[in-house]
Protein chains: 2
Amino acid sequence: MARLKRLVLERLMRYYRYIVSVPEMRGAKTVTSAQIAGALDIDPTQVRKDFGAIGLLGMGRVGFGVCEVCTAIRRVLGFDERLEAVVVGAGHLGGALVAYERFTQYGLHIVAAFDSDKRKAGRRVGGLLVQPTRALTPYVRRHKIRLAILTTPPEVAQKVADRLVAAGVTAIWNFAPTRLTVPSEVMVRNEQIALGLSEISYHLAEQAREKQG
Amino acid sequence: MARLKRLVLERLMRYYRYIVSVPEMRGAKTVTSAQIAGALDIDPTQVRKDFGAIGLLGMGRVGFGVCEVCTAIRRVLGFDERLEAVVVGAGHLGGALVAYERFTQYGLHIVAAFDSDKRKAGRRVGGLLVQPTRALTPYVRRHKIRLAILTTPPEVAQKVADRLVAAGVTAIWNFAPTRLTVPSEVMVRNEQIALGLSEISYHLAEQAREKQG
DNA sequence: TAGATTGTTAATCGATTAACAATC
DNA sequence: TAGATTGTTAATCGATTAACAATC
């Protein structure tokens, strides 16, 4: 099976969420590409192509088996495997991620939180005791942690990333607004929340300009 | 000037951040498209095109004036205008956004927070007193709020959105994992953080599969 | 069977990159 | 002037959509 691209993966996630959580899906045995596409504002052909890419075959006149779809997506995206992650940077955002229970639906478990701030270390964040940064490397090594969630200030993000990589992490979910330099075998997913502001701010500014003249 | 697309706006945001915050930019009078492109891993032609789209003209052999670039981006994206927003849903994520001070750099000021949970209403979140949801509509009306940041659970997101629209909001920054149905003149930006997990989880699952067989 | 839905190939669309003359 | 950098047109690349025979 060819390596799936980012856009495909994100759509698979959306299909999965639709199928497992939308009320009209409750109890349904089958689902058509048109149903999913309509709900998610996607082209039905796209849905069938994505399903085809992960080996899902539909049935003419009926659609796809709900169970098969769920199972296939879970398997491909790895939701059945327990995935343990550490959070580095126990500020507001880090705390929000630790507290977000829905991640466990996808197999993700945040098992430790770290912060360099001595006032934060020792405090509790969403059920986790925040540890000082010097405990990071040994923890990652001992527990064979593969994923780190980075929510530090941008100034220290690269330094932390270097330590994480040295400790053996192979994926970083980066919420700091900086590009990270890492070896090619380490995967970085950048989550730049502030980028959304560009679209919103522009839209509102345009609106104001149109109103004026 | 033609309406700018989402990808262009996001790149403009990244150019802006690079220019105002990266150390090697300190004191520089000019910057070339190659410099920016190199730092952000973008094609230099793209940078020049984007600059051209907002009316920026470079100088042969020299590049672009740092000041001009900043000013132009700020003006186009509307960062010079004060933009007031309310947060609805004062949970961990809502709190994190309220506490995020860097937004003011872009003209965004979160001026009020609301939550339907009676235990949360009355508490402080990042300097703001959380108000009960019944205060939402009057507040938005009175202060002519145009932007709402939605961080409620997905189940109530649509209902809240309806109220916000009725109260006069024209843009919604939606962090709830649901598609919202709103009138066409209202802009919705979806920030689906969990989508990133699909890419990470897949990558790590693939890695494990490769190792096994 | 008739008809809705699939899987797949071809056509379209848009975004990115390459090429290069014009410029300072 | 020589050479680095721009602005713009053309070529490429990839993703999305349309068309339609095959299927149950």
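Just so it is clear: chains get the letters A, B, ... in the order the sequence lines come, proteins before strands, and each one is counted from 1. Every value quoted in this text rests on a predicted model; they were computed, and no experiment measured them. Just so you know, these numbers use all the heavy atoms, side chains as well, and skip hydrogens, waters and symmetry mates.
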Any [X] side-chain N or O less than 4.0 Å from OP1/OP2 of [N]:
X: B/Lys5; N: C/dA15; result: yes
X: A/Ser33; N: C/dT5; result: no
X: B/Arg11; N: C/dT16; result: yes

(request) Let me know, please, whether A/Gly58 or B/Gly60 comes out on the 5' side of the other along DNA chain D by nearest nucleotide. (result)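 In this pair, the answer is B/Gly60.
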
(message) Nearest 0.5 angstrom please: A/Ile54 CD1 to A/Tyr15 OH, how far?
(response)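 These two atoms lie 9.5 Å from each other.
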
(message) Measuring from atom CG of B/Leu83 to atom OG of A/Ser201, what distance do you get when rounded to the nearest 0.5 angstrom?
(response)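 So the CG of B/Leu83 and the OG of A/Ser201 are separated by 6.0 Å.
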
(message) Please give me the minimum heavy-atom distance between B/Thr133 and B/Arg163, naming the atom from each residue.
(response)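 Answer, listing the atom of B/Thr133 first, then B/Arg163: O-NH2, 3.3 Å.
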
(request) Could you pull out the closest heavy-atom pair between B/Pro154 and B/Ala176, with the gap in Å? (result)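 For B/Pro154 versus B/Ala176, the nearest heavy atoms are CA-CB, 4.2 Å.
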
(request) Determine whether the side chains of A/Gln158 and A/Thr178 contain a donor N or O and an acceptor N or O closer than 3.5 Å. (result)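 No pair is found: no donor N or O on one side chain lies under 3.5 Å from an acceptor on the other.
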
(request) Taking atom types as modelled, find out whether A/Thr170 and B/Gln207 have a side-chain donor-acceptor pair closer than 3.5 angstrom. (result)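 Checked: A/Thr170/B/Gln207 side chains pair up, N/O donor to acceptor below 3.5 Å.
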
(message) If a pair means Watson-Crick or G-U wobble with both distances below 3.5 Å, what does DNA chain D look like in dot-bracket form, with | marking bases paired to a different strand?
(response) ..||||||||||||||||||||||

(request) Tell me, yes or no, whether the heavy-atom count around B/Gln105 atom CD, taken from other residues, nucleotides or ligands under 6.0 Å, exceeds 12. (result)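 Check passes, neighbour count above 12.
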
(message) More than 12 heavy atoms of other residues, nucleotides or ligands under 6.0 Å from CD of A/Glu101: yes or no?
(response)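 Atom CD in A/Glu101 is not packed in, count stays at 12 or less.
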
(message) As a test of reading the structure: which of D/dT6, C/dG7, C/dT6 is closest to the side chain of B/Phe64, going by heavy atoms?
(response)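 The answer is D/dT6.
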
To the nearest Å, how far apart are [X] [atom1] and [N] [atom2]?
X: A/Ile54; N: C/dG7; atom1: CD1; atom2: C1'; value: 15 Å
X: B/Ile42; N: C/dA15; atom1: CD1; atom2: P; value: 15 Å
X: A/Arg6; N: C/dA15; atom1: CZ; atom2: P; value: 15 Å
X: A/Asp41; N: D/dT16; atom1: CG; atom2: P; value: 13 Å
X: B/Glu10; N: C/dA15; atom1: CD; atom2: P; value: 12 Å

(message) For a quick check of understanding: with a heavy-atom distance under 4.0 Å over all strands, which category does B/Gly52 fall into, base, sugar-phosphate or nothing?
(response)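 It contacts nothing in the nucleic acid.
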
(message) Any base atoms under 4.0 Å from B/Gly63, or only sugar-phosphate, or nothing? Heavy atoms, all strands.
(response)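 Touches sugar-phosphate only.
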
(request) Could you identify which residues of residues 189-202 of chain A place a heavy atom less than 4.0 Å from some atom of DNA chain C, listed by residue number, or say none? (result)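 None, since no heavy atom is under 4.0 Å.
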
(request) Check each residue of residues 43-51 of chain A for a non-hydrogen atom within less than 4.0 Å of any atom in DNA chain C, then write out the ones that pass by number, or none. (result)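 Within residues 43-51 of chain A, the residues near DNA chain C are A/Thr45, A/Arg48, A/Lys49.
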
(request) Give the ring-plane orientation class for A/His143 versus A/Tyr139, where under 30° counts as parallel, over 60° as perpendicular and anything between as tilted. (result)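 Taking A/Tyr139 first and then A/His143, their aromatic rings lie parallel (interplane angle under 30°).
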
(message) Does B/Glu68 form a salt bridge (charged side-chain N to carboxylate O under 4.0 Å, His left out) with B/Arg74? I'd like the steps, not just the answer.
(response) CA-CA 10 Å; B/Glu68 284 91 326; B/Arg74 291 183 67 82; over 6 Å; no

(request) Walk me through it: do A/Arg3 and B/Glu210 pass the test salt bridge (charged side-chain N to carboxylate O under 4.0 Å, His left out)? (result) CA-CA 12 Å; A/Arg3 193 165 233 101; B/Glu210 276 164 21; 3.1 Å; yes

